[in-house]
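Remarks on the structure that follows.
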Amino acid sequence: MIPYPQIDPVAISLGPLKVHWYGLMYLVGFAGGWWLAIQRAKKSKGLWNPEQIGDLVFYVAVGVILGGRMGYVLFYNFDYFLQNPLWLFSIWEGGMSFHGGLLGVLLAVLLFGRKIDKNFFQMTDFIAPVVPLGLGMGRLGNFIGGELWGRATDVPWAMVFPTDPSQMPRHPSQLYQFVIEGVILFGALWWFSAKPRPRMAVSGLFLLIYGIGRFCVEFVRQPDEQLGFIAFGWLTMGQLLTVPMILLGVGLMVVAYKKFPLVDGQNQDDQAWLKKHAPKPDEKTAVSGRKQP
């Protein structure tokens with residue numbers, strides 16, 4: 001076995017104020033995502049500006065927190081929620097769902113897209129390469145907090161988590177997910193999106209890689225105690241929720257390359273947006289500070 005690093009879940013303690021590592025990981029994820037989005041905006045040839053990025057990060061943050069909490073309550077603890085409806089707001093007790101957070105983010109970008117006159121997939125294709133940073137930081141937060149550990153095993157890198165009542169050697173599945181969701185997914189999407197791709201292709205690749213990775217990791221991740229296996233003696237809720245992601249990811253990529261080919265190296269909806277929102281000559285003059293001839 002490998003000894004579990006005894007890290008205090010509380011990163012900063014100032015009297016009654018306690019800041020947990022899990023919260024800091026969220027903060028790092030949002031800040032890093034903001035910076036990465038700014039880098040993408042600089043290469044967008046006028047499709048995005050820094051002000052839009054700041055507003056987008058705010059919308060996404062709200063979507064992650066509200067969607068993640070509601071998803072955990074509804075997908076994983078619905079019976080308890082029916083008995084204690086106010087538990088939905090007990091965020092300090094922990095409990096966040098990726099699939100709920102994803103739905104929250106999708107709703108947030110849909111609303112923000114309407115505000116800036118961009119369609120849904122223009123939004124998702126832009127943010128997809130940025131999301132893995134937040135996912136990776138979240139998994140590190142899970143590991144430091146000693147939660148969502150894996151199943152019992154005898155592999156040489158097994159760990160005993162202090163929060164595990166049985167104190168059995170287990171898969172450090174949080175680290176597996178960090179590698180898949182935070183490293184592999186980020187590298188693949190950042191490389192893939194470095195060049196113009198047909199509309200929906202980047203979003204489809206995100207769903208496909210995450211879905212396959214999450215489905216596989218669930219085989220070594222301990223099922224939620226209140227749910228256990230929900231079918232066949234091996235299917236978990238995480239796998240059930242992930243299957244539609246994989247199918248949708250494949251579908252989006254097929255449709256992207258068949259229905260939305262690039263025109264002059266650019267998506268047609270981007271061309272239309274630039275044509276509609278391009279600065280007028282007098283606006284360009286105002287920005288440059290020069291008078292018109």
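Seen from the ring of Trp48, Lys43 does not count as a face-on cation partner, given the 6.0 Å and 45° thresholds.
Residues Ala256 and Ala201 approach most closely at CB-N, 3.7 Å, considering heavy atoms. Contact detail for Phe178 and Gly136: the closest heavy-atom pair is CD1-O, 3.3 Å. Heavy-atom minimum distance, Pro129 versus Phe186: O-CD1, 3.5 Å.
Note that CG of Leu175 is 7.0 Å distant from CG of Leu140, once rounded to the nearest 0.5 Å. Note that CE of Met1 is 11.0 Å distant from CG of Asp154, once rounded to the nearest 0.5 Å. One finds the CZ atom of Phe229 at 9.5 Å from the CG atom of Leu235 (value rounded to the nearest 0.5 Å). Taking CG of Asp269 as the reference point, atom NZ of Lys276 lies at 12.5 Å (rounded to 0.5 Å). In this structure, CD in Gln122 is found 8.5 Å from CH2 in Trp273, a value given to the nearest 0.5 Å. Residue Phe112 holds its CZ atom at 6.0 Å from NZ of Lys115, rounded to the nearest 0.5 Å.
The 12-atom threshold is exceeded at CD of Gln167, counting heavy atoms of other residues, nucleotides or ligands nearer than 6.0 Å. Asp8 CG: more than 12 foreign heavy atoms inside a 6.0 Å radius.
Note: Phe215 and Phe219 have perpendicular aromatic rings, judged against thresholds of 30 and 60 degrees for the angle between ring planes.
Checking Arg199 against Ser203 by side-chain atom types alone, no donor-acceptor pair falls below 3.5 Å.
One finds no salt bridge joining Asp125 and Arg197 here, because no Lys/Arg side-chain nitrogen approaches an Asp/Glu carboxylate oxygen to under 4.0 Å. Lys45 has no carboxylate O lying under 4.0 Å from a charged side-chain N of Asp270, or vice versa, which leaves the two without a salt bridge.
Residues Leu148 and Val160 fall into different hydrophobic clusters, defined by Ile, Leu, Val, Met, Phe, Trp and Tyr side chains chained together at heavy-atom separations under 4.5 Å.
Here the two rings, on Tyr4 and Phe143, have centers that are under 6.0 Å apart.
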Taking only distance into account, with no hydrogens and no angle test, what donor-acceptor pairs under 3.5 Å do side-chain atoms of residues 103-111 form with protein atoms, sequence neighbours excluded?
none

Exercise for the section: Evaluate the criterion side-chain hydrogen bond (donor to acceptor under 3.5 Å, both in side chains) for residue pair Gln177 and Arg221; output intermediate values, then yes/no. Expected result: CA-CA 10 Å; Gln177 290 186 265; Arg221 176 173 161 172; 3.0 Å; yes
